[in-house]
2 protein chains.
Amino acid sequence: MTTSKGRVRNKRGEGAQLRDEIVSGATRLLVQGGEHSVTLRAVAREVGISAPAIYQHFADRDAILFAVAEVAFAELEHALNDVGDHADPADRLRAVAVAYLTFAKHSPTRYQIMFGGVWDASKSLQRTPSMAADLAELGLGAFRIISRAMADCIEAGCSTGTDPHADATALWAGLHGLAQLQVATPLFPWPSGLQSTLIDRLALLRG
Amino acid sequence: MTTSKGRVRNKRGEGAQLRDEIVSGATRLLVQGGEHSVTLRAVAREVGISAPAIYQHFADRDAILFAVAEVAFAELEHALNDVGDHADPADRLRAVAVAYLTFAKHSPTRYQIMFGGVWDASKSLQRTPSMAADLAELGLGAFRIISRAMADCIEAGCSTGTDPHADATALWAGLHGLAQLQVATPLFPWPSGLQSTLIDRLALLRG
DNA sequence: CCCATTACTTTACGGGTGTTAACTTACACG
DNA sequence: CGTGTAAGTTAACACCCGTAAAGTAATGGG
């Protein structure tokens with residue numbers, strides 16, 4: 001086999017493959033046990049390699065978590081983009097919002113490291129300023145999809161909003177709060193239909 | 001005789017005082033360094049006692065954090081109740097909402113252990129079902145203040161809402177999302193006036 | 001065919017954690 | 001005054017962590 005880039009090496013797999021295994025192993029741990037259970041050694045254990053082997057692919061524990069977040073962001077963006085065709089821009093916006101909520105609800109721990117990281121100032125992600133900036137950039141990608149759908153609604157007259165950015169931001173905040181709060185306090189008597197209510201009110205739909 | 005290290009030990013009735021010192025020490029650590037830095041030993045260090053001494057007052061580390069949350073909930077409730085007199089129920093609701101946001105923004109890490117605990121399934125608070133229930137109960141206390149203010153608005157005709165519980169819940173979700181998201185991602189270009197926009201929209205004010 | 005490189009291994013260091021056990025001290029009471 | 005009890009102490013157990021250093025097996029170029 002030719003090695004133009006010299007990537008093929010060891011018994012376990014071809015270079016980048018192990019990196020992916022590490023990321024998905026870490027993701028698995030995150031989903032199952034929360035952020036704290038994603039430790040360097042635990043990831044290595046999960047993947048079936050020795051702990052120091054990880055340093056071939058990641059600078060430190062935080063870099064792994066960052067990679068997990070990257071994947072999660074990509075997945076979220078995909079979910080938001082892939083809501084199907086909707087003749088009515090309002091329907092589309094609603095679908096995007098629902099997709100956002102579905103993602104957050106379906107994988108809450110990943111959602112947390114994406115958007116809740118800064119809370120814990122010293123341990124979790126974003127210790128490095130550059131990392132915070134990168135995370136913010138990725139988050140903006142997801143936000144822009146909401147923002148665009150919102151703008152389309154306003155332009156089409158489905159929404160009585162006037163400032164797409166401000167309106168989309170308000171909607172985003174509402175979605176975030178609903179998603180997180182519902183997962184965090186499942187014992188609360190959540191009214192049915194709350195989701196639609198909140199979306200329609202914040203997006204100023206059907207006004 | 002006092003110990004060579006100077007701390008007066010074991011006076012009867014000093015017990016409860018030390019308990020408070022532990023709670024406030026833990027609070028201090030939480031505020032400064034995030035939840036992960038509130039470790040049993042660190043708390044003991046902060047208070048100036050030995051780690052095992054804590055077991056006289058708390059069953060385990062989680063119990064300390066729970067006590068911290070209790071105090072924080074009391075403080076939040078007090079802040080929500082103490083928004084001054086307002087002739088207009090809408091003004092009062094707005095003031096309550098602002099107070100909520102102010103609290104969350106001013107002490108984000110405490111806010112997190114109050115409402116964000118369940119995210120991390122295995123480490124943080126609420127491992128015990130009973131603890132989750134207790135936390136939920138405390139949270140309900142704060143929510144009821146919002147709910148009552150909301151109901152007053154509806155009754156007075158300041159709000160076009162119809163279902164006080166549902167409307168208050170939507171507002172709560174919005175407030176939670178705004179507070180947390182703004183703290184979590186400070187780099188985002190937050191529009192000015194977003195706070196009032198969100199409150200008025202979710203509370204259906206000035207209809 | 002040899003050898004440098006690469007990717008991984010084992011080993012080990014230095015530290016942290018929650019928690020238990022055994023000891024010590026100070027006070028309260030008979 | 002002696003003594004029992006409660007509230008502290010120190011010491012220790014058993015784990016976990018991140019990561020650095022050194023060893024080893026496979027690979028591919030010269």
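A note on names: the letters A, B, ... follow the listed sequences, proteins ahead of strands, and every chain is numbered from 1. Note that this is a predicted model, so its numbers are computed, not measured.
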> Which residue pairs pass the salt bridge (charged side-chain N to carboxylate O under 4.0 Å, His left out) test with at least one member in residues 172-181 of chain B, sequence neighbours excluded?
Replying inline: none
> For B:Arg19 and D:dA7, what is the distance between atoms CZ and C1' respectively, to the nearest whole Å?
Replying inline: 16 Å
> Are a donor atom and an acceptor atom from the side chains of B:Glu35 and B:Gln112 found within less than 3.5 Å of each other?
Replying inline: no
> In terms of side-chain heavy atoms of B:Thr39, which of D:dA7, C:dG18, D:dC17 is nearest?
Replying inline: C:dG18
>> Please report the distance, rounded to the nearest Å, between CD1 in A:Ile64 and P in D:dC17.
In response: 12 Å
>> Looking at B:Gln56, I'd like to know whether one of its side-chain N or O atoms comes within less than 4.0 Å of OP1 or OP2 on D:dG8.
In response: no
> Does the A:Ser159 side chain pair with the main chain of A:Gly161, one donor and one acceptor, at a distance under 3.5 Å?
Replying inline: yes
>> Once ring pair (Phe, Tyr, Trp, His ring centres under 6.0 Å) is applied, do any residues pair with A:Phe143, and if so which ones, sequence neighbours excluded?
In response: A:His165, A:Trp172, B:Phe188
Between the protein and nucleotides 19-23 of chain D, list the N/O to N/O atom pairs that are separated by less than 3.5 angstrom.
| unit_1 | atom_1 | unit_2 | atom_2 | d |
| --- | --- | --- | --- | --- |
| D:dT19 | OP2 | A:Tyr55 | OH | 2.6 |
| D:dT19 | O5' | A:Tyr55 | OH | 2.8 |

> CD1 of B:Ile54 versus P of C:dT19: gap in Å, rounded?
Replying inline: 10 Å
> Rounded to the nearest Å, what distance is computed from the CD1 atom of residue B:Ile22 to the P atom of nucleotide C:dG18?
Replying inline: 13 Å
> What do the steps show when you test A:Asp200 against A:Arg94 for salt bridge (charged side-chain N to carboxylate O under 4.0 Å, His left out), and what is the final call?
Replying inline: CA-CA 8 Å; A:Asp200 286 2; A:Arg94 275 188 266 256; 2.8 Å; yes
>> Rounded to whole Å, how long is the line connecting atom CG of A:Leu18 with atom C1' of C:dT6?
In response: 13 Å
>> Does C:dC8 have its OP1 or OP2 closer than 4.0 Å to a side-chain nitrogen or oxygen of A:His57?
In response: yes
>> What is the distance, to the nearest angstrom, from the CD1 atom on A:Ile49 to the P atom on C:dT9?
In response: 6 Å
>> Centroid separation under 6.0 Å, is that true for the rings of A:His176 and A:Tyr100?
In response: no
